[in-house]
Amino acid sequence: MENEKINIIIVDDHPIVIEGLRMMLHSQPIFNVAGSFTSGTETISFIRSQMVDIILLDITLPDANGTELCREIKKISPNTSVIMFSNRSERSIIMQSIQNGASGYLLKNTSIDELVICIKGALSGDIVFCNETKQIISRPSQYDLPTPRLTKREKQILQMVAQGKTSHVIAEELFLSPLTVDTHRKNLLQKFHAKNSTELINLAVQQQLIEKQKNRS
């Protein structure tokens, strides 16, 4: 594509961000900003009729979630490279975007030099990240932590917590004092680095220590 301009569209719900990106991209002769949109509906309508090389896509739009919109875009136009361009820096969102077909994830403080490099990399088939995003995804998430070693009693109480039983009920069924049960629950939260019982159960399910409980009708 050395002699052809790279067609780019910008999708963001903030006009000032769109204008800033447009100015940055216009400073590079190889780029052609073919359009800019503030909604997912407009974006889908455009790519159904126009060839686009790169889409710079925000996560938060008035009518769509950017990660889900990315999946839809890739179904309609598989050859279009979608680069997420957002202020959201959660590791889970970054990884979900890549799983949904994004070619990269950049934060909005990315420099023009870094943006150019990433766009070229995405067009070459690479998965691209700005330096800050690379640092975020290199840190281990809660789900990457080693599986904690639990005592037989802790496993028992963990399973009962997952079943929605209160400390009082668990204490009665196991012939323990509620204080003892609460102590075990606190130890479980510490071992899993969990903030609350919901997070504790999700982590335990993720690490296959317990089965996900089915919703009761």
Supply the atom-to-atom distance [X] [atom1] to [Y] [atom2], rounded to the nearest 0.5 angstrom.
X: S39; Y: D63; atom1: OG; atom2: CG; result: 4.5 Å
X: M160; Y: R185; atom1: CE; atom2: CZ; result: 10.5 Å
X: L158; Y: L209; atom1: CG; atom2: CG; result: 7.0 Å
X: E90; Y: Q96; atom1: CD; atom2: CD; result: 12.5 Å
X: S49; Y: I44; atom1: OG; atom2: CD1; result: 11.5 Å
X: L200; Y: L189; atom1: CG; atom2: CG; result: 5.5 Å

**OP:** Kindly determine whether I94 and F129 satisfy side-chain contact (heavy atoms from CB on, under 4.5 Å), including the steps that lead there.
**Re:** CA-CA 10 Å; I94 297 170; F129 302 102; 4.0 Å; yes
**OP:** Identify, with sequence neighbours excluded, every residue that meets side chain to side chain contact (heavy atoms under 4.5 Å, CB included) alongside S124.
**Re:** D126
For [X] and [Y], which heavy atoms make the closest approach, and how far apart are they?
X: S97; Y: C70; result: O-SG, 4.4 Å
X: C118; Y: C130; result: SG-N, 4.4 Å
X: A171; Y: P178; result: CB-N, 3.7 Å
X: E199; Y: K195; result: OE1-N, 3.2 Å

Original post:
Should S167 and D182 be marked as a side chain to side chain donor-acceptor pair (under 3.5 Å) after you check the CA-CA gap, both sets of side-chain angles, and the distance that decides it?
Top reply: CA-CA 6 Å; S167 293; D182 283 338; 2.8 Å; yes
Less than 4.5 Å apart, any side-chain heavy atom of [X] and any of [Y]?
X: I6; Y: N32; result: no
X: I54; Y: I83; result: yes
X: L56; Y: I9; result: no
X: D53; Y: T80; result: no
X: K108; Y: L21; result: no
X: I55; Y: I73; result: yes
X: L107; Y: N87; result: no
X: N187; Y: F192; result: no

Original post:
Under 3.5 Å, is there a donor-acceptor pair linking the side chains of D13 and T38?
Top reply: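 Looking only at side-chain atoms, T38 and D13 do not form any donor-acceptor pair under 3.5 Å.
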Original post:
Is a side-chain donor-acceptor pair under 3.5 Å present for E42 with S45?
Top reply: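 No.
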Subject >> Set of residues satisfying ring pair (Phe, Tyr, Trp, His ring centres under 6.0 Å) with respect to F46, sequence neighbours excluded >> reply: F37
Subject >> Given Q28, R22, M24, M23, the one that forms side chain to side chain contact (heavy atoms under 4.5 Å, CB included) with H26 >> reply: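 Of the listed residues Q28, R22, M24, M23, the side chain to side chain contact (heavy atoms under 4.5 Å, CB included) partner of H26 is R22.
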When you measure from the side chain of [X] to the backbone N and O of [Y], does any donor-acceptor pair fall under 3.5 Å?
X: E154; Y: T151; result: yes
X: D12; Y: L57; result: no
X: K191; Y: R149; result: yes
X: T110; Y: L106; result: no
X: S36; Y: I18; result: no

Subject >> Pairs satisfying ring pair (Phe, Tyr, Trp, His ring centres under 6.0 Å), at least one member in residues 49-101, at least two apart >> reply: none
Subject >> Pair listing, ring pair (Phe, Tyr, Trp, His ring centres under 6.0 Å) test, anchored in residues 86-107, at least two apart >> reply: none
Original post:
Who are the salt bridge (Lys or Arg N to Asp or Glu O under 4.0 Å) partners of E173, not counting sequence neighbours?
Top reply: K165
Subject >> salt bridge (Lys or Arg N to Asp or Glu O under 4.0 Å) against R71, all qualifying residues, sequence neighbours excluded >> reply: E68
**OP:** Might you work through the side-chain contact (heavy atoms from CB on, under 4.5 Å) test for I10 and L25, ending with a clear yes or no?
**Re:** CA-CA 10 Å; I10 305 165; L25 294 169; 4.0 Å; yes
**OP:** Give a yes or no on whether I157 and V169 share a hydrophobic cluster (residues Ile, Leu, Val, Met, Phe, Trp, Tyr; joining criterion: side-chain heavy atoms under 4.5 Å apart).
**Re:**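 Result: no, two separate clusters.
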Subject >> Joint cluster assignment, I112 & I117, ILVMFWY side-chain distance < 4.5 Å >> reply: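 Not linked; separate clusters.
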Subject >> Check against side chain to side chain donor-acceptor pair (under 3.5 Å), S177 and T180 >> reply: CA-CA 5 Å; S177 73; T180 299; 2.9 Å; yes
**OP:** Apply the test side chain to side chain donor-acceptor pair (under 3.5 Å) to residues N65 and T67: give CA-CA distance (whole Å), side-chain angles for both, the deciding distance (0.1 Å), then the verdict.
**Re:** CA-CA 6 Å; N65 175 289; T67 57; 2.3 Å; yes
Original post:
If you count the non-hydrogen atoms of other residues, nucleotides and ligands that lie under 6.0 Å from NZ in K74, is the total more than 12?
Top reply: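 Above 12, so yes.
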**OP:** Test T166 against V181 for side-chain contact (heavy atoms from CB on, under 4.5 Å), laying out the working first.
**Re:** CA-CA 9 Å; T166 65; V181 174; over 6 Å; no
Original post:
Would E132 and S89 count as a side-chain contact (heavy atoms from CB on, under 4.5 Å) if you check the C-alpha gap in whole Å, the side-chain angles of each, and the deciding distance to 0.1 Å?
Top reply: CA-CA 9 Å; E132 192 171 339; S89 59; 5.5 Å; no
**OP:** Begin with the C-alpha distance, continue with both residues' side-chain angles, and end with the deciding distance and a verdict on side chain to side chain donor-acceptor pair (under 3.5 Å) for Q135 and N131.
**Re:** CA-CA 6 Å; Q135 292 175 7; N131 288 331; over 6 Å; no
Subject >> NZ/NE/NH1/NH2 to OD/OE distance under 4.0 Å, D58 and R88 >> reply: no
